[in-house]
Amino acid sequence: MGSTDARAGVRSGTGQGREPGQGGDREPEKPGRGPGPNEATGTAGTEVSGGAGGSGGATGSGGADDLAGLEAGLDALDAVETRRTPLRETLVRKVLPPVVAVALVLAVWQILVWAEVTDAYKLPAPSAVWDSLSEMWLQGTLFGVMWTSVSRALLGFVLALAIGTPLGLLVARVKVVRAAIGPVLSGLQSLPSVAWVPPAVLWLGLNDRMMFAVILLGAVPSIANGLVAGVDQVPPLFLRAGRTLGATGLRGAWHIVMPAALPGYLAGLKQGWAFSWRSLMAAEIIASSPELGLGLGQLLDNGRSNADMPGIFLAILLILLVGIAVDLLVFSPLERAVLRRRGLLGRG
């Protein structure tokens with residue numbers, strides 16, 4: 001009896017002294033288990049070693065799969081849809097709505113004429129305006145009148161762009177200059193452009209220089225303020241990264257500031273064109289002279305002088321048409337290109 005207890009104590013002490021995983025630190029056998037201690041120990045060791053190897057392989061394979069899945073997910077987030085939009089879808093989504101809107105306006109216009117809501121000389125029929133357009137077309141003066149105004153507006157806008165861009169950068173980047181002339185630019189932007197026509201006539205006379213002066217005074221503040229707003233929205237991290245890489249001064253403005261401020265700058269350009277066009281129309285209406293040629297503003301004023309309401313409506317429609325055409329052909333493609341390049345707009 002004593003020898004049996006001693007052997008049990010030795011066996012128990014030997015099991016406690018062994019390291020885990022070496023067969024001595026296992027749970028007591030439950031009743032009904034067939035294999036003996038040695039057999040169970042051998043089987044467990046085999047299973048542990050095999051399981052450890054399998055687990056390592058599974059972990060390595062799972063990590064590679066997770067990394068591949070993460071990369072695929074990031075690529076999917078960065079991917080931009082590049083499918084070509086079908087012609088029918090383009091017509092339905094982009095061409096049909098404005099055509100329907102114009103048709104509705106013409107229908108309401110014609111209904112008001114038929115209802116005789118006012119005198120005929122105050123509200124001409126669409127057919128009368130069409131007759132005035134046909135007459136100018138047959139006389140060969142339609143495109144000449146439009147080009148006189150469009151050429152002035154484009155040249156004035158280019159000059160405003162050349163002045164407003166460096167001025168906006170200077171105001172945005174130099175605190176002293178911003179404190180000095182920043183409020184002045186905001187005030188000039190809110191000042192109606194027509195207010196500059198009388199002093200410009202007295203200063204420069206009835207010539208194209210007067211027209212360009214009015215355009216510049218109306219467009220430069222808008223372009224400069226648009227660029228200032230765009231620069232203010234540039235993340236400071238971009239500027240610090242540029243300075244770290246050596247992009248300072250003019251190089252930093254060209255490679256870091258201008259690309260990052262492009263959306264705000266483009267909005268300022270769009271608004272600057274609107275101010276240019278409005279300023280020119282105000283100048284042409286007020287300062288009419290044979291030496292200036294016949295533009296859309298003079299055409300509108302001539303219609304007022306001759307009580308030619310169809311001619312007035314035609315001039316208004318042509319002014320509106322030029323503004324819409326410039327926006328659709330110039331600024332809308334630029335906006336889409338900027339948004340698409342930044343991943344904010346799909347090609348579809």
Side-chain angles (χ1 to χ4, degrees), residues 67 70-82 153-190 212 215-277 279 326-348:
L67 181 60
L70 178 61
E71 292 177 351
L74 293 176
D75 292 340
L77 290 176
D78 293 337
V80 178
E81 188 178 1
T82 58
L154 290 177
L155 182 56
F157 178 71
V158 171
L159 293 176
L161 182 64
I163 297 174
T165 300
L167 180 61
L169 278 175
L170 187 64
V171 172
R173 303 296 292 167
V174 181
K175 295 182 179 180
V176 176
V177 177
R178 183 169 193 163
I181 66 174
V184 177
L185 288 177
S186 300
L188 290 175
Q189 185 176 0
S190 62
F212 294 138
I215 294 174
L216 291 177
L217 290 170
V220 168
S222 298
I223 296 175
N225 285 330
L227 183 55
V228 170
V231 172
D232 289 342
Q233 297 175 5
V234 176
L237 180 61
F238 290 3
L239 303 178
R240 291 197 297 267
R243 287 193 296 267
T244 302
L245 296 175
T248 59
L250 294 178
R251 182 179 298 176
W254 178 256
H255 293 286
I256 304 297
V257 177
M258 288 299 294
L262 192 56
Y265 180 51
L266 188 57
L269 293 182
K270 190 174 182 178
Q271 190 175 21
W273 163 255
F275 274 83
S276 299
W277 189 238
S279 303
V326 172
D327 181 70
L328 291 179
L329 299 178
V330 179
F331 292 107
S332 292
L334 286 177
E335 288 178 344
R336 289 196 299 269
V338 170
L339 293 177
R340 185 180 298 118
R341 187 172 183 179
R342 293 169 182 260
L344 301 175
L345 181 69
R347 295 183 183 275

**Complete:** Closest non-hydrogen atoms of Leu328 and Pro333, given as atom of the first, atom of the second and distance, are O-CD, 3.2 Å
**Under 3.5 Å donor-acceptor, Ser332 side chain and Asp327 backbone** = yes
**Fill in**
side-chain contact (heavy atoms from CB on, under 4.5 Å) test vs Val171 passes for just one of Val228, Leu227, Val231, namely Val228
**Request:** Work out which heavy atom in Leu269 is nearest to a heavy atom in Phe157; give both atom names and the distance.
**Result:** O-CE1, 3.5 Å
**Gap separating the CG atom of Leu334 from the CG atom of Leu262, nearest 0.5 angstrom** = 8.5 Å
**Request:** Would you check if the side chain of Ser190 reaches a backbone N or O of Gly187 as a donor-acceptor pair within less than 3.5 Å?
**Result:** yes
**Request:** Begin with the C-alpha distance, continue with both residues' side-chain angles, and end with the deciding distance and a verdict on side chain to side chain contact (heavy atoms under 4.5 Å, CB included) for Leu167 and Leu185.
**Result:** CA-CA 10 Å; Leu167 180 61; Leu185 288 177; 4.1 Å; yes
**Asked** Looking at Phe275 and Gly218, what are the two nearest heavy atoms and their distance?
**Response** CB-O, 3.3 Å
**Prompt:** Taking only residues at least two apart or on different chains, which pairs with a member in residues 220-242 satisfy side chain to side chain donor-acceptor pair (under 3.5 Å)?
**Reply:** Arg178-Asp232, Gln189-Asn225
**Request:** Could you tell me the separation between the CD1 atom of Ile223 and the OG atom of Ser276, rounded to the nearest 0.5 Å?
**Result:** 6.0 Å
**Item:** Evaluation steps, side chain to side chain contact (heavy atoms under 4.5 Å, CB included), between Tyr265 and Thr165
**Value:** CA-CA 9 Å; Tyr265 180 51; Thr165 300; 2.5 Å; yes
**Request:** Decide yes or no on side chain to side chain contact (heavy atoms under 4.5 Å, CB included) for Val330 and Lys270, but give the supporting numbers first.
**Result:** CA-CA 9 Å; Val330 179; Lys270 190 174 182 178; over 6 Å; no
**Request:** Can you measure from CG (Leu216) to CG (Leu159) and round to the nearest 0.5 angstrom?
**Result:** 5.5 Å
